[in-house]
Structure formats: structure tokens, C-alpha cells
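Quick caveat: nothing in here was measured; it's all calculated off a predicted structure. When a ligand or atom number is given, it counts from 1 through the structure's own listing order.
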Amino acid sequence: MKFTEFGFDPRLMEGIEATGYENATPVQEQVIPLILTGKDIIASAQTGTGKTAAFLLPVTNMLLTAKQEEHHINALVIVPTRELAIQIAQNMEGLSYFTSVSSIAVYGGSDGNSFSIERKALSEGADMVICTPGRMISHLNMGYVKLSGLKYLILDEADRMLDMGFNDDLMKIISFLPEKRQNLLFSATMPTGIRNLARKILTNPAEINISLSKPPEKIRQEAFVVYDNQKIPLVKHLLKSKDFKSVLVFCSTKDNVKNLSRELKRAGLSIEEIHSDLDQETREKVLRRYKNRELKILVATDILSRGIDIEDIDLVINYDVPHDGEDYVHRIGRTARAETDGTAYTFINEHEQLKFHLIEELIGMTIHKAPVPEQFGASPIYDPKKSPKRHGPPIRSGNRNRRR
Ligand code: AMP
């Protein structure tokens with residue numbers, strides 16, 4: 001379906017064309033017309049499907065074409081992480097470039113300056129505010145945020161927000177909103193918590209289900225069954241095996257990120273790390289350099305696994321087996337976006353075999369176990385049913401409240 005068929009305002013069409021979109025993605029095709037009718041929506045859609053534009057475009061169009069309250073916030077997008085807030089704000093800036101619709105990301109930062117910029121925008125009004133829950137609460141507590149004229153509420157990655165313990169913050173923010181408004185809820189998964197939240201805040205919603213928790217088919221997936229001490233040499237070996245342009249390595253712990261990153265730096269590679277011990281400014285700087293291709297390899301914790309859109313990553317390495325199937329899909333979904341193909345390698349140590357097997361069951365496919373090159377010595381036999389008991393957290397703890 002062409003974007004011209006939605007009947008968008010010409011100023012918005014100009015932004016869509018300048019961003020380079022021609023045809024709507026399947027999510028957009030289903031969601032945009034429904035949103036334009038004014039209905040509440042609950043949609044399960046993975047990142048990478050074009051879900052951001054699926055809500056930004058119709059909401060922006062409605063903001064453009066209907067009379068809005070001036071000096072008020074008209075649309076509020078609540079997201080789990082600062083990185084996602086920044087990314088959505090950037091997408092919005094591109095799409096709305098030729099319109100008069102204003103937007104601002106409110107996600108906090110370490111300096112007082114950003115707080116006062118946000119304060120000014122929130123008290124003077126911005127058509128669309130894209131925020132993280134904690135930071136919004138800080139502003140709401142000060143009493144100057146004008147939400148009484150709000151028309152559109154969007155919750156993105158709602159499952160992630162609940163996982164991170166934001167339920168009470170969300171309900172508090174919602175208590176400041178007028179009752180009559182359009183609500184759009186996007187979530188990768190639909191656990192009971194999300195159903196409960198939906199019941200509380202949505203009115204007679206249309207339900208759209210696009211995500212199947214399956215990785216895109218064009219990603220070449222392979223796994224290596226290894227001992228922990230074979231992982232660093234194997235990463236180095238794989239990095240040399242092909243001229244990869246942009247590589248993302250996910251580790252489950254900050255310590256693994258730091259160790260691997262130190263070793264790769266020692267080997268003279270173009271690499272930086274991202275994890276929650278780094279301040280926001282450093283994280284953003286690293287991410288920017290990586291996106292601009294000044295940096296070839298990024299080693300990160302799951303802080304980066306969801307929602308972050310970086311184009312043309314050709315290799316994702318799971319240095320550790322991800323926590324569960326959704327994390328696996330999100331991590332490897334960083335590669336093979338839009339038009340490109342990608343490769344995803346997962347390392348499985350002797351304690352992680354059962355966990356990997358469960359992931360394979362969840363995504364409904366068996367991943368090829370590639371032989372570990374001979375020079376690394378003997379590697380473990382893959383036999384998930386006999387896999388020794390793991391140390392550390394259980395396979396699905398249900399508590400993903402940890403800082404990554
Ligand atoms: P998202 O799922 O929102 O993270 O989007 C994934 C990527 O697809 C982003 O780079 C978007 O800019 C891009 N994208 C979204 N919609 C379209 C479209 N209709 N045509 C081409 N690219 C798109």
C-alpha cells in the first residue's frame with residue numbers, strides 16, 4: 001500500500017517522502033487507518049516492523065488537521081528507555097519536518113540544563129511529548145505540566161515498561177490525563193500484566209496482532225557450543241572471518257561486556273561498550289559514533305536489545321544465551337533491518353544448553369550448531385536434556401527489573 005492512499009496532509013507527505021518511505025509496512029497498513037478513525041488500539045508488534053511510524057504518522061496528521069489547544073500537550077508517548085525516547089523523537093523530527101507540529105523528548109539527563117529545557121517545553125506546551133515514566137513523574141510533581149487538553153496517549157513497548165517496574169508510574173501519569181482521549185498501546189508480548197493494564201486504560205480497543213515472536217527469515221542464524229574460555233578467541237576469529245561493516249555483540253552481564261571490550265581493544269579493533277555503569281552522555285556519544293560508522297563494533301548489555309533502530313548491522317553476536325525467546329528475537333532483530341541481510345551467532349556454554357533449547361522451542365525453529373574451529377580445542381557436546389544445572393538466575397525468572 002502506498003502512503004498516498006492514507007489521505008495524509010501534503011505537509012506530512014513531504015516528510016514521509018524525505019524520510020524515504022514509499023510503501024507502508026504490514027503493521028502500518030493495518031494500524032494507520034484504524035487510528036485515523038479515532039479508535040483505541042492494542043497492538044502486538046515487534047520492533048523493526050515500522051511500528052513507530054504506524055503511530056507517529058496518523059497522530060501527527062490528526063494534530064495537523066484538527067484544531068488543537070495551544071500551549072497544551074496534545075499527544076503523550078511513554079516509552080521505557082531514554083534511548084527509545086531519543087530515537088522516536090528523531091523519527092518524529094524527520095516525519096514532521098515540513099509541518100507545524102512540535103515535539104520534544106523528555107527523558108532526563110544528568111545536567112540541570114536539560115531539566116529546565118524540558119520544564120519550559122512542558123509548561124509552554126508542545127504538540128507531542130515523548131517521555132520516560134520516571135522523568136515525567138518528576139516534572140508532574142512540580143505542578144506545571146499542562147496535560148488537561150491531551151488527546152492522544154501512546155504507550156510503546158508496554159511489556160518492557162511493566163518488566164522494568166513502571167506500572168505505578170504509568171498509572172500516576174494517566175491520573176493527570178483527561179478521561180476522553182484516544183489510547184494506543186504497543187507491546188511486543190501480551191502477558192497478563194499487559195491485559196490488565198489494557199483493561200484499565202483502553203476503551204473498546206481494536207486488537208491487532210502482528211508479532212509472532214519469530215525472527216525475520218532473512219537472518220542467517222547459527223550457534224556455537226563452547227566453553228567460556230573459548231568465547232573471546234572465537235569472537236576475534238569470527239570478526240576476522242569476513243569484512244563486517246557493523247557488528248553488535250550482546251552480553252548478559254556488565255562484567256562480560258567489560259572483559260570482552262578490553263580484549264578487543266587490546267587486539268586493536270574499533271570498538272566501544274554500552275552498559276548501565278556509563279552515564280547517559282557517554283552512552284549517547286558511543287551510540288552516535290556507532291550509528292555514524294565511526295565505530296565498527298559495539299559490545300552492549302540488553303540495554304540495547306529492544307527498540308533501538310540502527311540500520312545495516314550485518315552481524316549480531318550473542319556472547320551469552322539471551323534470557324528468553326523474546327530477548328533472543330529482539331537481540332538478533334538488530335540485524336537484517338529493512339533491505340539488508342544479516343547474520344546472528346549465539347554462543348552456548350555447557351550451562352546454557354537447556355535455556356537455548358527452550359528458546360528454539362519458543363521461536364519454533366532449530367538453529368544450526370556450527371562446528372567450533374579445531375584450533376580452539378575440544379568443545380562441549382550439545383545435549384540440552386543433559387545440560388548441567390545452571391548457576392545464577394532461573395531460566396524464566398519473570399523478574400527482569402535488573403539494571404543492564
Ligand atoms: P521501527 O519498527 O519503528 O523501529 O522501524 C524500523 C525501521 O524501519 C526504521 O528505520 C524506520 O525508519 C523504517 N521504516 C518504518 N516504516 C517504513 C516504511 N514504510 N518504509 C521503509 N522503512 C520504514
Side-chain angles (χ1 to χ4, degrees), residues 1-8 12-36 41 43-61 75 77-97 103 105 128 130 154-161 184-189 208-216 218-219 246 248 287-288 290-293 303-314 316 326 329-342:
M1 186 172 179
K2 295 254 176 240
F3 277 104
T4 41
E5 295 174 52
F6 292 116
F8 287 141
L12 183 56
M13 278 311 298
E14 230 181 308
I16 295 171
E17 275 156 33
T19 309
Y21 300 170
E22 282 176 25
N23 297 308
T25 65
V27 179
Q28 291 161 355
E29 214 172 301
Q30 287 196 49
V31 170
I32 291 174
L34 276 170
I35 297 180
L36 289 172
I41 300 255
S44 62
Q46 284 168 239
T47 175
T49 54
K51 68 179 166 66
T52 312
F55 63 79
L56 287 182
L57 290 172
V59 170
T60 307
N61 196 68
V77 183
I78 314 181
V79 302
T81 62
R82 296 163 173 190
E83 283 80 6
L84 188 55
I86 295 168
Q87 186 182 295
I88 295 177
Q90 285 170 344
N91 206 340
M92 177 65 185
E93 207 178 307
L95 293 171
S96 65
Y97 190 80
S103 58
M128 181 183 286
I130 301 146
I154 298 114
L155 303 184
D156 193 16
E157 306 232 345
D159 52 349
R160 181 75 153 180
M161 289 201 271
L184 314 173
L185 186 153
F186 291 82
S187 187
T189 57
I208 293 155
N209 189 342
I210 294 148
S211 81
L212 292 168
S213 288
K214 286 211 171 29
K218 55 186 180 174
I219 303 177
S246 192
L248 194 48
L287 200 55
R288 218 169 23 245
Y290 180 66
K291 283 186 177 185
N292 292 342
R293 292 289 168 87
I303 204 167
L304 261 199
S305 74
R306 289 194 182 202
I308 295 308
D309 176 44
I310 304 167
E311 293 194 354
D312 300 334
I313 294 173
D314 39 16
V316 168
E326 289 298 335
V329 173
H330 278 289
R331 282 188 185 187
I332 73 165
R334 305 299 88 216
T335 179
R337 314 297 293 264
E339 301 305 317
T340 56
D341 291 344

task = Consider every N or O of A53 and every N or O of ligand 1, then say whether any pair is closer than 3.5 Å.
result = no
query = What's the shortest heavy-atom distance between A54 and I32, and which atoms?
reply = O-CG1, 3.6 Å
inquiry  = Q87 versus ligand 1: do any nitrogen or oxygen atoms come within less than 3.5 Å of each other?
reply    = no
inquiry  = So, using ring-ring contact (aromatic ring centres under 6.0 Å, His included) as the criterion, who are the partners of F6 when residues are at least two apart?
reply    = F3, F8
note = Separation between CD1 (I154) and NZ (K51), nearest 0.5 Å, reads 12.0 Å
Close-contact set for ligand 1 against F3 heavy atoms, below 4.0 Å = 19 (N)
message = At less than 4.0 angstrom from any non-hydrogen atom of T52, what atoms of ligand 1 do you find?
response = 1 (P), 3 (O), 4 (O)
Part of T19 with heavy atoms under 4.0 Å of ligand 1, whether side chain, backbone, both or neither = neither
query = Going from CG on L185 to CD1 on I208, what distance comes out if it is rounded to the nearest 0.5 angstrom?
reply = 11.5 Å
query = What atoms of ligand 1 come closer than 4.0 angstrom to any heavy atom of N23?
reply = 18 (C), 19 (N), 20 (N)
message = Are T19 and Y97 packed together at the side-chain level, in the sense that at least one heavy-atom pair is separated by less than 4.5 angstrom?
response = no
